[in-house]
Amino acid sequence: MDVWPETVAVRDGHLAVGGCDLVALAEQHGTPLYVFDEVTLRGAMRTYRAAFAAAYPAQHRVHYASKALLNTALAQIVAEEGLGLDVVSAAELRVAQRAGVPMEHVHLHGNAKSALELERALAWNVGAIVVDNLDELAHLCALTAHRPQPQGVLLRLAPDIAAQTHAHIATGSSDAKFGLPLAALDAAVTQLLAAPGLHLLGLHAHIGSQLFRLDQLQATVQVLLEAAVYVRDQYGYTVTELSPGGGLGVPYTTEQPPTDICGYATMLAATLTDACTRANFPLPRLTIEPGRSIIARAGVALYRVIGRKYAPDGRLLYLHVDGGMADNLRPALYGARYSALLANRAAEPADTVVAVAGRYCESGDILLRDIALPSGASGDVLAVATAGAYTLSMASTYNLVPRPAVLLLAGGSARLIQRRETEEELLARDIVL
Ligand SMILES: Cc1ncc(COP(=O)(O)O)c(C=O)c1O
């Protein structure tokens, strides 16, 4: 049951999370609706912090990668749990600020940061800007030339590791769009060490997302340390921070292995400690950036079944639901699979194999393929598990459908943390001729 939130239960035939009846919530708040289990969410954050504190007592930081999902309440929880935050845009920076995340625990990422984003990050004194390429570095050198306090930076390297995951979320090869090829390390370090307004804190890499091969993450740490040793030997400069990014995988279906945060922490810590000992390198701060493995499992997406489509031979082909690719692009974008239940028939046998079609005007908008469910009818409530990561954060307003509301569930009560978008908001940007 690792795909559902920790508090999942079936009560009177209805699916419940955080002590709340999901069918009642769908009725009360409308659908599509995204609900998050606070126990699962905080639990994942605490497991990360405890696992790294135990495995790597030297300085470490856990930053939540907000691209997986961000809203102000979530950023407040991040701050309360003592995590830092990785952001990629000016508005994400604003969310971090208004949620009270200390700016020294905020890192700005991105392969194409705008001038506004860099200037805001500099003005607000973020902990680090993660430099992606030499053009960005030149831009930053110019922006910080007269800065009294140097801005900390990490250099993002492309470690040339082809992560075993879907091509769209593999980011570690040297020809991926992210990061400096190792061959550009000299040019970057030379520029950085000569820049009065910048302070090289360390090196970063992120090879991809939804990773189960720990050996590839281990290799990433090794490449980072080799690069750090090279910088020390060539330039007499010792970096103090290494970040192998995020990427730990989560199960979306029961065939996939469970998320092993403790195993991941132990492996990263042991690899880094061994490599440092061998190279006589002082233990750096270890910064990790999990996104999916913090937020995915806490989230459940609720949809209303609107209708059905049958084949000429009478087979049930599709359940049509009132959401789809505009609130969860992952199935259409890279064939992602999910587990699901009918929340109002949670105790009934899943004896019908169907596809669940989203409501949007693309044939590729199929949320679930070959999913076994109880035979459903219009009005049923479909609950999709592990729906927290890279769903709403990539939501669009395709077909001008307002984006869903978000609830935080705990102890039998549901708090609205993001309300449903309104038609007025959708039309507000249009200028009538
Ligand atoms: C630089 C960086 N760090 C961290 C993450 C988070 O990855 P995940 O959500 O797989 O943990 C990403 C997302 O791909 C990323 O691009």
Side-chain angles (χ1 to χ4, degrees), residues 41 44-45 47-48 51-52 61-70 74 78 83-89 92 96 105-113 117 121 126-133 136 153-159 161-173 176-180 202-214 216-217 220-221 224 241-252 256-257 259-261 263-265 268 286-299 329-330 333-334 336 386-394:
L41 177 60
M45 293 179 182
T47 304
Y48 260 110
F52 277 88
R61 283 222 63 87
V62 181
H63 280 203
Y64 170 63
S66 63
K67 64 199 76 181
L69 179 71
L70 186 66
L74 180 50
V78 165
L83 275 70
L85 199 69
D86 282 356
V87 300
V88 186
S89 71
E92 286 186 350
H105 297 160
V106 173
H107 285 181
L108 178 68
H109 281 265
N111 63 309
K113 303 175 188 77
E117 287 156 355
V126 298
I129 295 178
V130 184
V131 172
D132 181 86
N133 55 68
E136 182 188 323
V153 299
L154 296 173
L155 275 180
R156 178 167 180 171
L157 304 178
I161 296 171
Q164 204 176 64
T165 187
H166 192 283
H168 290 190
I169 49 175
T171 53
S173 60
K177 72 172 185 169
F178 298 103
L180 285 157
L203 305 175
H204 171 280
H206 170 77
I207 62 166
S209 192
Q210 188 56 356
L211 307 175
F212 290 102
R213 290 258 315 263
L214 290 187
Q216 294 197 308
L217 291 161
T220 307
V221 172
L224 284 176
E241 180 165 349
L242 293 184
S243 173
L248 188 62
V250 305
Y252 285 88
Q256 290 173 307
T259 307
D260 182 8
I261 296 172
Y264 168 69
L268 281 189
L286 174 61
T287 302
I288 51 145
E289 306 167 342
R292 189 189 304 272
S293 49
I294 283 186
I295 194 72
R297 184 181 172 189
L329 190 57
R330 297 184 67 253
L333 190 62
Y334 34 71
T386 333
Y390 302 103
T391 48
L392 287 183
S393 60
M394 296 199 283

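Each ligand, and each atom within it, is numbered from 1 in the order the structure gives.
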Practice item. Pick whichever of Gln210, Lys67, His107 has a heavy atom sitting closest to atom 15 (C) of ligand 1. Key: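 Minimum heavy-atom distance to atom 15 (C) of ligand 1 goes to Lys67.
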Check your understanding: Where the closest heavy atom to atom 6 (C) of ligand 1 is concerned, which of His204, Arg292, Glu289, His63 has it?
Key ->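 The nearest heavy atom belongs to Glu289.
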Does an N or O anywhere in [X] fall below 3.5 Å from an N or O of ligand 1?
X: Gly245; value: no
X: Asp86; value: no
X: His206; value: yes

Review point. Okay, side chain of Ser209, backbone of Gly247: is any donor-acceptor separation there less than 3.5 Å?
Key: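 Judged by distance alone, no pair lies under 3.5 Å.
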Check your understanding: Got a donor-acceptor contact below 3.5 angstrom from the Glu136 side chain to the Asp132 backbone?
Key -> yes
Just by distance, no angles: are the side chains of [X] and [Y] close enough, under 3.5 Å, to form a donor-acceptor pair?
X: Tyr264; Y: Thr259; result: no
X: Glu289; Y: His204; result: yes
X: Arg330; Y: Thr391; result: no

Show me which atoms of ligand 1 lie under 4.0 Å from any heavy atom of [X].
X: His109; result: 1 (C)
X: Gly246; result: 4 (C), 11 (O)
X: Gly247; result: 7 (O), 8 (P), 10 (O), 11 (O)
X: Pro290; result: 11 (O)
X: Arg156; result: 1 (C)

Review point. Would you say Leu155 and Val130 make side-chain contact, with heavy atoms under 4.5 Å?
Key: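 When only atoms from C-beta onward are counted, Val130 and Leu155 do not touch, as no gap falls below 4.5 Å.
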Exercise for review: Would you mind reporting whether Val250 and Thr386 have side-chain heavy atoms less than 4.5 Å apart?
Suggested key: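 Yes - at least one pair of side-chain heavy atoms lies under 4.5 Å apart.
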Practice item. Could you label the plane-to-plane angle of the His109 and His107 rings as parallel, tilted or perpendicular, counting under 30° as parallel and over 60° as perpendicular? Key: tilted
Review point. How does Phe178 reach ligand 1, if at all, at less than 4.0 Å between non-hydrogen atoms: by side chain, backbone, both, or neither?
Key: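 Neither; nothing of Phe178 gets under 4.0 Å from ligand 1.
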Review point. Using heavy atoms and a threshold below 4.0 Å, how should the contact between Ala65 and ligand 1 be classified: side chain, backbone, both, or neither?
Key: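 The part of Ala65 near ligand 1 is the side chain, not the backbone.
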